[in-house]
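Notes to accompany the following structure.
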Number of protein chains: 2
Amino acid sequence: MKNKKRASTIQDVAKAAGVSVSTVSRVLNGKLDVASETQEHILKVINKLGYTSNLAARSMRSHKKNLIGLVVPDIGFPYSIEIMKGVNRAIAESKFDLLLYTTGDVQKNGTALHEQHYVSLLNNSITDGVLIVASAAAEFITNSPIVAVDPHVINPHYPSVQGMNYQGAQEVMEYLIGLGHRRIGFISGRPEIGSAVRRLKGYRDSLTNAGIEVDEELIKPGDFTQKNGYTNACELLKMENPPTAIFAANDQSAFGVIQAAEDMGIRIPNDLSVVGFDNITEAKYIGLTTIDQFLEEMGYVAMQMLIKLINGEPLEVEVYKMQTKLLLRTSCQELTPVA
Amino acid sequence: MKNKKRASTIQDVAKAAGVSVSTVSRVLNGKLDVASETQEHILKVINKLGYTSNLAARSMRSHKKNLIGLVVPDIGFPYSIEIMKGVNRAIAESKFDLLLYTTGDVQKNGTALHEQHYVSLLNNSITDGVLIVASAAAEFITNSPIVAVDPHVINPHYPSVQGMNYQGAQEVMEYLIGLGHRRIGFISGRPEIGSAVRRLKGYRDSLTNAGIEVDEELIKPGDFTQKNGYTNACELLKMENPPTAIFAANDQSAFGVIQAAEDMGIRIPNDLSVVGFDNITEAKYIGLTTIDQFLEEMGYVAMQMLIKLINGEPLEVEVYKMQTKLLLRTSCQELTPVA
DNA sequence: ATAATTTACGGTATCGTTACCGGTATTGAT
DNA sequence: ATCAATACCGGTAACGATACCGTAAATTAT
């Protein structure tokens, strides 16, 4: 079973068919100056040998590869999954195939440098273009087409699709303040992520605009995970003067908050209002009020932009801003004044 | 902006650093016979030029690439997502990176031939090994390591991780029959998919074993989608003598069933018991009784097997059978005898 | 001091494929 | 019958990187 029978090459095919490699290559690439009998014969041989062309060799020589690279920090994250669904849809409608690249561990490797490395890797080699998700990215983009979803910098020098994080956060805050909440906790995302920073700013500015002083005690550093949401919520809820509402920077953190409240016997929404951000699939079932930023659609639009870029077509907009929408569910309630 | 400045190559680096390409290559690959000053100098130049090595060229010449390919039919499917999570975890613990390949449209392209093509493509070129999910696969596997998750054939000639579909279905049926149900509808998966066939067989055999005649009217051809589950459920529930329980071949179909029942004013579990298969994330929130086949774990184990294979280590088992577990939730109820 | 080894690097063949150039047959026009 | 045009196909040079071999200089052993 350990026979190292190496895969057959175009040379093998040529030899077996009794023609030159050039001719086989022509058949492979659908060139028309090949006699139809020859073509049929070669195809038969290809099939018999189970030959498939070597992607590496082809990419090196030729320049169209019908392959698009997608770089995401972690495919396990609901955030990534939603975007991937949209990407997938756009790919299905196109002639391109998708090559997804991930480092597998966002905590360890997810640095700008690391991701930039992958982008170059794909770009310089086997793909026609790259879609990069939620990343500080690519200073050294040379020639190849690239589009970013939620880039960390707000004005990258390549096209991007961006969620309206600042406005979305403001929408949430206006809603909560409208319900009468004054002490509103905030669980942030990792500070090196652009969208997290913008959501935090939306939180702060909204408070200020409403004439409410920002209490730094109510702002917790987070990392977008449920576990972190849990521990931060515990701290917030154990305060002497605890918040009456918590705005988590993403849905997963919000799930942690809900879990914490449950464990501490705090009722939602009666004793505590909770809002998330992202509207991942699970949010619907939990009844979490959250901001829908249409992640699936973002992936879809971004991929369409990238394909245009690859085809040399002009882009309508360089920065596509995706609308957000506040989805009211059952995790919030008007603040009942203490009797 | 349209300057076609081509990416820098190892040649450019060599020239800029005033050394030969060999030396640069040595630095790139961490060979030790390079003077440390030379090395530092070259690294500096590499950094300045923003050079990254061309994956295609490297793969062609060298043979270790620290890259594993994953071929899934559709990344949008919850089934795929669960497996990918496990794959991701194993990858994170390893030195390998992941390259995911998908055709984007399982309906159109998901044929054995198509998938086989991709496997060869990856295998012959840029990856050290391939993990292939839910596929009729690869007749022409030549040399490279390959592991399959849920292969359509039950005895492939390469290692695999398989869910216990037959036993799982039997487990469900014994449970439903134990609850007193005699007319049990079945919504199948696509017949070309091995696991779907085995689940159907489990359904049939369980009925026979229990001395219940199989009513072909109660068996609906499905395709694993929620929409299909919906329409099939409507048909079943409109029958003159409708089933008192429906066993859907996967959770998504089951969701369709639940939706249909809701729309028809049929209460679950009072009037109808529903069971799914897979235990995807959403099932928990819906309260769907289902078979957990530990998809995440399957992906994890499969990837570990593949890595062993790549490293030339022996495998403990060629076919790893993953246990299933019936998760009782709130979508089933004992059949109350008609008064 | 000389030989033997090690260190550090350069030159070149090679991986599998396609682009390009060119060369035979075959066909058609006059 | 002669020549031009076409159809079909082969040979070879790249693509960018690494493996391998070889060699000058530096180091060590004898």
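Per chain, numbering begins at 1; letters A, B, ... match sequence-line order.
For B:K308, the salt bridge (charged side-chain N to carboxylate O under 4.0 Å, His left out) partners are B:E316, not counting sequence neighbours. Taking B:V317 as the reference, B:Y320 meet the side-chain contact (heavy atoms from CB on, under 4.5 Å) condition, with sequence neighbours excluded. Partners of B:S25 according to the side chain to side chain donor-acceptor pair (under 3.5 Å) rule, which considers only residues two or more places apart in sequence or in another chain, are B:N29. By the side chain to side chain donor-acceptor pair (under 3.5 Å) test, A:N311 pairs with no residue at all, sequence neighbours left out. Residues meeting the side-chain contact (heavy atoms from CB on, under 4.5 Å) test with B:I81, sequence neighbours left out: A:I81, A:K85, B:K85. For B:V19, the side-chain contact (heavy atoms from CB on, under 4.5 Å) criterion is met by B:A17, B:T23, B:V24, B:T38, B:I42, not counting sequence neighbours. Every residue two or more places apart in sequence or in another chain was checked for a side chain to side chain donor-acceptor pair (under 3.5 Å) with A:S80, and none qualifies.
Applying the salt bridge (Lys or Arg N to Asp or Glu O under 4.0 Å) test to residues at least two apart or on different chains, none of the pairs has a partner in residues 32-44 of chain B. Applying the salt bridge (Lys or Arg N to Asp or Glu O under 4.0 Å) test to pairs two or more places apart or on separate chains, none has a residue in residues 147-159 of chain B.
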Protein N or O to nucleotides 24-26 of chain C N or O, pairs below 3.5 Å:
none

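For C:dC9, the OP1/OP2 oxygens have no side-chain nitrogen or oxygen of B:K31 closer than 4.0 Å. Between B:N54 and D:dA17 there is no side-chain polar atom (N or O) within less than 4.0 angstrom of OP1 or OP2.
For B:D33, the side-chain atoms get nearest to C:dA8 when compared with the rest of C:dT17, D:dA17, C:dA8.
Scanning residues 37-46 of chain B for heavy-atom distances under 4.0 Å to DNA chain C yields B:T38.
With DNA chain D read from its 5' end, the first of the two nearest nucleotides for B:I10 and A:V24 is the one closest to A:V24.
Judged by atom type and distance alone, B:R61 does not reach the base of C:dG16 through any side-chain donor-acceptor pair under 3.5 Å. Counting distance only, with no hydrogens placed and no angle test, the side-chain atoms of A:S22 and the base atoms of D:dG11 include a donor-acceptor pair under 3.5 Å.
Terminal axes of the helix from C:dA1-D:dT30 to C:dT30-D:dA1 (five pairs each, C1' rotation axis) are separated by 40°, to the nearest 10°.
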